[in-house]
Amino acid sequence: MKREQKDEDMLLRGRIAGAAEVPRELVLSLPVLTATGRQEIRLENYRGIQEYTQELIRVNTRSGQICLTGKRLAIEYYTNTEMKVTGLISSIEYK
């Protein structure tokens with residue numbers, strides 16, 4: 001399926017979730033990022049760690065990749081569905 005079609009499908013399913021009053025992140029398995037300043041990010045609904053250095057953490061999600069860049073980055077903990085990243089986070093990029 002082409003990327004554009006996937007995006008359209010996600011939008012439609014998001015509208016359906018909204019109409020049913022169900023959280024979109026549950027229906028669509030969307031990543032949920034919670035930032036505490038620039039020092040901490042909790043990431044839910046990820047699929048795997050693609051790259052991990054002190055300057056870059058690249059994570060796969062159902063909707064693409066999320067790249068965290070910064071200094072002294074560390075994964076404090078991770079489970080099958082959630083992780084906590086600490087360090088001096090300079091950017092969050094969606095690919």
Side-chain angles (χ1 to χ4, degrees):
M1 188 182 304
K2 290 185 178 181
R3 179 73 177 172
E4 294 166 358
Q5 181 62 37
K6 284 184 180 180
D7 291 343
E8 288 294 323
D9 184 49
M10 294 286 276
L11 287 173
L12 176 62
R13 291 192 302 161
R15 288 186 190 124
I16 292 169
E21 297 183 10
V22 175
R24 292 180 57 209
E25 62 271 12
L26 292 178
V27 173
L28 303 174
S29 296
L30 294 174
V32 177
L33 283 82
T34 306
T36 305
R38 293 179 61 189
Q39 291 79 29
E40 176 181 302
I41 289 187
R42 292 178 192 265
L43 172 61
E44 298 174 58
N45 297 333
Y46 75 97
R47 290 208 162 173
I49 300 167
Q50 186 70 28
E51 186 173 351
Y52 177 24
T53 69
Q54 287 190 344
E55 291 80 33
L56 171 68
I57 297 177
R58 193 162 38 120
V59 179
N60 289 330
T61 70
R62 185 168 186 217
S63 59
Q65 287 187 345
I66 296 175
C67 297
L68 306 173
T69 58
K71 296 180 181 176
R72 297 181 308 281
L73 299 179
I75 297 175
E76 289 285 316
Y77 71 85
Y78 65 95
T79 66
N80 288 340
T81 59
E82 178 184 17
M83 74 169 59
K84 178 180 173 183
V85 176
T86 59
L88 184 59
I89 301 158
S90 59
S91 71
I92 303 168
E93 185 177 359
Y94 299 88
K95 294 184 175 190

> Residues in side-chain hydrogen bond (donor to acceptor under 3.5 Å, both in side chains) with Glu44, at least two apart?
Replying inline: none
> What residues form a side-chain contact (heavy atoms from CB on, under 4.5 Å) with Glu55, not counting sequence neighbours?
Replying inline: Thr53
> Quick one: does Arg38's side chain get under 4.5 Å of Leu88's, heavy atoms only?
Replying inline: yes
> With clusters built from Ile, Leu, Val, Met, Phe, Trp and Tyr whose side-chain heavy atoms come within less than 4.5 Å, directly or transitively, what are the remaining members of the cluster of Val85, listed by chain and number?
Replying inline: Leu33, Ile41, Leu43, Tyr46, Ile49, Tyr52, Ile57, Val59, Ile66, Leu68, Leu73, Ile75, Tyr78, Met83, Ile89, Ile92, Tyr94
> Is Tyr77 isolated, or which residues cluster with it under the ILVMFWY side-chain rule of less than 4.5 Å, directly or via members?
Replying inline: none
> So, the side chain of Asn45 versus the backbone of Leu30: is there a donor-acceptor pair under 3.5 Å, distance only?
Replying inline: yes
>> Tell me which pairs pass salt bridge (Lys or Arg N to Asp or Glu O under 4.0 Å) where either residue lies in residues 84-94, with sequence neighbours left out.
In response: Glu40-Lys84
>> Applying side-chain contact (heavy atoms from CB on, under 4.5 Å), can you list everything that pairs with Gln54, at least two apart in sequence or on another chain?
In response: none
> Is the side chain of Thr69 donor-acceptor paired with the backbone N or O of Ser90 at a distance under 3.5 Å, no angle test?
Replying inline: no
>> Using 0.5 Å steps for rounding, measure from the CD atom of Gln50 to the CZ atom of Arg58.
In response: 5.0 Å
> Does Thr81 have any side-chain contact (heavy atoms from CB on, under 4.5 Å) partners at least two apart in sequence or in another chain, and if so, which?
Replying inline: Thr79
> How far apart are the closest heavy atoms of Pro31 and Ser63, and which atoms are they?
Replying inline: CD-OG, 3.6 Å
